[in-house]
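Reading through the structure tokens given below for one structure.
Just so we're on the same page: letters track the sequence lines, and every chain starts at 1.
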2 protein chains.
Amino acid sequence: MSAQYKITNTIKTLRFFANEMTQQELASKVGVTRQTIMAIEKGKYSPSLEVAFKIALVFGRPFDEVFAYEKITD
Amino acid sequence: MSAQYKITNTIKTLRFFANEMTQQELASKVGVTRQTIMAIEKGKYSPSLEVAFKIALVFGRPFDEVFAYEKITD
DNA sequence: CTGAAATGTATGATATATTTAACATTGAGT
DNA sequence: ACTCAATGTTAAATATATCATACATTTCAG
């Protein structure tokens, strides 16, 4: 069948390098709840484009340094 | 108040340069309905990150060439 | 070790994206 | 002008993201 992809992110790493920002702090800055950050970090579901952009903005990093769409099979 | 942003995209232009691909063709390749492409092109709502990635993939363009998060006020 | 803070997990409610279907409008070709 | 394909619009139903709350587990400073 056609190639399979998954969305990955580097949020946990970025939090660590951002002075060990907590999930709660990130959630507050982004304007969502801690559970939303949790779910995204864990890959439970893919965020809305809006939330994804806001997360990249909070870390001040280019979008593709935070989120990627990676091929997992062919 | 805090800065306002809006999500913009270049889908219509990219369709034009992709041999004038129709909304229906794009929708089929992405795996959504034509109305979804319509709504996204028109900015009626912001797509899921998954659909956004798929659209960029169909056009074979870097993500940030398709979608942008632009400041509209300060 | 103990306790508080951070992270993880689960569930039901709400908001939003997407589908489905139907119809209206536009635009280009004949 | 006619016609057909493409685009645009609307409304109701469904799927998924997000919220709100509650509780369990990990982690680490004291």
Arg15(A) (side chain) donor-acceptor with Glu20(A) (main chain) under 3.5 angstrom: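 No, Arg15(A) side chain to Glu20(A) backbone: no donor-acceptor pair under 3.5 Å.
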Would you indicate which nucleotide in [options] comes nearest to any side-chain atom of [X]?
{"X": "Gln35(B)", "options": "dT20(C), dA20(D), dT7(D)", "answer": "dT20(C)"}
{"X": "Ser46(A)", "options": "dA22(C), dT18(C), dA17(D)", "answer": "dA17(D)"}
{"X": "Thr22(A)", "options": "dT7(C), dT7(D), dT18(C)", "answer": "dT7(C)"}
{"X": "Val32(B)", "options": "dT18(C), dG8(D), dT18(D)", "answer": "dT18(C)"}
{"X": "Thr33(A)", "options": "dC19(D), dA17(D), dT19(C)", "answer": "dC19(D)"}
{"X": "Arg34(A)", "options": "dG8(D), dA22(D), dA17(D)", "answer": "dA22(D)"}

Could you state the atom-to-atom distance from [atom1] of [X] to [atom2] of [N] in whole Å?
{"X": "Ile11(A)", "N": "dT7(C)", "atom1": "CD1", "atom2": "C1'", "value": "15 Å"}
{"X": "Leu49(A)", "N": "dT16(D)", "atom1": "CG", "atom2": "C1'", "value": "16 Å"}
{"X": "Met38(B)", "N": "dT10(D)", "atom1": "CE", "atom2": "P", "value": "10 Å"}
{"X": "Leu26(B)", "N": "dA5(D)", "atom1": "CG", "atom2": "P", "value": "20 Å"}
{"X": "Tyr45(B)", "N": "dA15(D)", "atom1": "OH", "atom2": "P", "value": "16 Å"}
{"X": "Gln23(B)", "N": "dT19(C)", "atom1": "CD", "atom2": "P", "value": "14 Å"}
{"X": "Ile55(B)", "N": "dT18(C)", "atom1": "CD1", "atom2": "C1'", "value": "12 Å"}
{"X": "Glu25(A)", "N": "dA6(C)", "atom1": "CD", "atom2": "C1'", "value": "11 Å"}

[N], OP1 or OP2 - any side-chain N/O from [X] closer than 4.0 Å?
{"X": "Ser48(B)", "N": "dT16(D)", "result": "no"}
{"X": "Lys42(B)", "N": "dT9(D)", "result": "yes"}
{"X": "Lys12(A)", "N": "dA6(C)", "result": "no"}
{"X": "Lys54(B)", "N": "dT18(C)", "result": "no"}

Identify the two heavy atoms, one from [X] and one from [Y], that lie closest to each other, and give their separation to 0.1 Å.
{"X": "Val66(A)", "Y": "Arg61(A)", "result": "CG2-CB, 4.3 Å"}
{"X": "Leu14(B)", "Y": "Glu65(B)", "result": "CD1-O, 4.5 Å"}
{"X": "Phe63(A)", "Y": "Phe53(B)", "result": "CE2-CZ, 4.1 Å"}

Residue whose nearest DNA chain D nucleotide is more 5′ - Gln24(B) or Lys44(B):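 The residue mapped nearer the 5' terminus is Gln24(B).
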Between Thr36(A) and Thr33(A): side-chain donor-acceptor atoms closer than 3.5 Å: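 Per modelled atom types, Thr36(A) and Thr33(A) side chains form a pair under 3.5 Å.
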